[in-house]
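Notes to accompany the following structure.
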Protein chains: 2
Amino acid sequence: MSLRHALLAAIHETAATGYELNQRFEERLSHVWSASHQQIYRELARLETQGLLVVEIQPQAGKPDRKRYAITAAGIKALQGWLGAVQARPAVRDPLLLKCFAGDLTPTPALLKELAVHEQTWRREQAIYRQIEARYFSVPPSLSRHYRMQYLALRRGLLDIESWLVWAGEVRAMLEQGDA
Amino acid sequence: MSLRHALLAAIHETAATGYELNQRFEERLSHVWSASHQQIYRELARLETQGLLVVEIQPQAGKPDRKRYAITAAGIKALQGWLGAVQARPAVRDPLLLKCFAGDLTPTPALLKELAVHEQTWRREQAIYRQIEARYFSVPPSLSRHYRMQYLALRRGLLDIESWLVWAGEVRAMLEQGDA
DNA sequence: CCTTACATGTAACAAGTTACATGATTAG
DNA sequence: CTAATCATGTAACTTGTTACATGTAAGG
């Protein structure tokens, strides 16, 4: 129910085209909300027919016309309504944990290999987030509330990765103990 | 793509009815995989027509006939194939983080209230997981590999909750600082 | 009397994924 | 010549949610 609100929030920051929104989701929102470009375009069209967004069409030669979306008063109201209501926590659906649950059917080397693959990604992301965090601290403290709030989302990304890395360590310790 | 594999894994442990599987998902798998009973019944029917499960129908008076599903050789093979392949990490889609991203539009008291609500749930779950963990340690170490693997999934649940509680603390610290 | 447990579903819908389509420009 | 960037989509499919349906028996 909340891709629409993710889009409204992103467009409330800055009016944007579907293409730009897709980039923002990939580059700055991957630890908050994911969406494919197909989903984004579909939802933007809906939000526009519902009057929560307005389009300004910018004709282009060679490429499809650019459609820049901006939020309307109704859009802001809808977003605020959602922000004010308590939302349910997302359900857990994790293939990696399912492999642990499957226990005796999951071969140790396969699990270890998978762990190594994911660990690489985690460390890469951790490095990126830490860089952004460093930039945050180079700015005078309590600059804008908006900025501080977004920093909290980043912190969550970091804490999440850290806890996965701790877990990976525990898994390795236990599996090696079991082999010995 | 993996509710089917969650079901295959659960049924591989013990043959079960849809009703029982729904209970197991709620009681023992909520930190691994979630599914509603509708989804479970739908998927069980599919898995049966595909020959990955077999049904044994136990007639009952008054209630609908009980259908007990067991895994077939083909089912085990399909499950092992999936377990052996590296799976992508699930995408993040978190309403709470979206509220942080929305920053200046999210009222501080609303966020604090939501945090308090979720924190209660986290602490409750934490207590439950810790009890199960204590039971784990009361058993002679390295009993069965299966059991140890499932313990790892539990550990992940605990680490996840702990990192959320840490984050909740950071959020509170920052928002109170901002108000002062 | 009312709720919970038992035991299965159907139907409609919303959300997310995967594959395909178009066509120009720029960088290697 | 090849791949990536720009910029938009459609179509088909799978997965997950929500609402509704049926009917018994036990416990407070």
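These numbers come from the heavy atoms of this one structure, side chains and all, not from hydrogens, waters or symmetry mates.
- Across the protein-nucleic acid pair, Glu26(A) atom CD and dC6(D) atom C1' stand 14 Å apart, rounded to whole Å.
- Within the structure, a side-chain polar atom (N or O) of Tyr41(A) is placed less than 4.0 Å from OP1 or OP2 of dT8(D).
- A salt bridge does not link Glu20(A) with Arg24(A): none of the charged nitrogens is closer than 4.0 Å to a carboxylate oxygen.
- The distance between atom CD1 of Ile40(A) and atom P of dT8(D), rounded to the nearest whole Å, is 11 Å.
- Atom-to-atom, CD of Gln39(A) to C1' of dT15(D) comes out at 12 Å; the value is rounded to the nearest Å.
- The distance between atom CZ of Arg24(B) and atom P of dA7(C), rounded to the nearest whole Å, is 14 Å.
- For Arg156(A) and Glu170(B), the salt-bridge test fails: no basic side-chain N is under 4.0 Å from an acidic carboxylate O.
- The residue Gln38(B) sits close to a base: some heavy atom pair falls under 4.0 Å.
- Between Ser36(B) and dT18(D) there is no side-chain N or O to OP1 or OP2 distance below 4.0 Å.
- In this pair, Trp164(B) and Trp167(B) present their aromatic rings perpendicular. The plane angle is above 60°, beyond the 30 to 60° band.
- Counting only heavy atoms from C-beta on, Pro64(B) has its side chain closest to dT8(C) among dA7(D), dT18(D), dT8(C).
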Could you tabulate the donor-acceptor pairs under 3.5 Å formed by side-chain atoms of residues 44-55 of chain B, not counting sequence neighbours?
{"residue": "Arg46(B)", "atom": "NH1", "partner": "Glu43(B)", "partner atom": "OE1", "Å": "3.2"}
{"residue": "Thr49(B)", "atom": "OG1", "partner": "Arg46(B)", "partner atom": "O", "Å": "2.8"}
{"residue": "Gln50(B)", "atom": "OE1", "partner": "Arg4(B)", "partner atom": "NH2", "Å": "2.7"}

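- Residue Ser34(B) is out of contact with every strand shown, counting any heavy-atom pair closer than 4.0 Å.
- Regarding Asp65(A), its CG atom lies at a distance of 9 Å from the P atom of dG9(D), rounded to whole Å.
- Separation of the Tyr129(B) and Tyr136(B) ring centroids does not fall under the 6.0 Å cut-off.
- Nucleotide dT24(D) holds its P atom 14 Å from the CD atom of Gln60(B), rounded to whole Å.
- Side-chain atoms of Arg42(A) and base atoms of dG16(C) include a donor and an acceptor less than 3.5 Å apart.
- The bend of the helix from dC1(C)-dG28(D) to dG28(C)-dC1(D), defined by the angle between the axes of its first five and last five pairs, stands at 40° to the nearest 10°.
- OP1 and OP2 of dT8(D) both lie 4.0 Å or more from every side-chain N or O belonging to Tyr19(A).
- Distance CZ (Arg66(A)) to P (dA24(C)): 18 Å, rounded to an integer number of Å.
- We find that Glu13(A) and Arg28(A) are joined by a salt bridge, their nearest charged nitrogen and carboxylate oxygen being less than 4.0 Å apart.
- Residue Arg46(A) is in sugar-phosphate contact alone, with no base atom involved, counting any heavy-atom pair closer than 4.0 Å across all strands shown.
- For the pair Arg93(A) and Lys67(A), nearest-nucleotide mapping onto DNA chain D gives the more 5' position to Lys67(A).
- Using a 4.0 Å cut-off between charged side-chain N and carboxylate O, Arg89(B) and Glu125(A) make no salt bridge.
- Within 4.0 Å of Gln23(B), counting heavy atoms only, lie sugar-phosphate atoms of the nucleic acid but no base atom.
- Gln58(A) places its CD atom 9 Å from the P atom of dT8(D), with the value rounded to the nearest Å.
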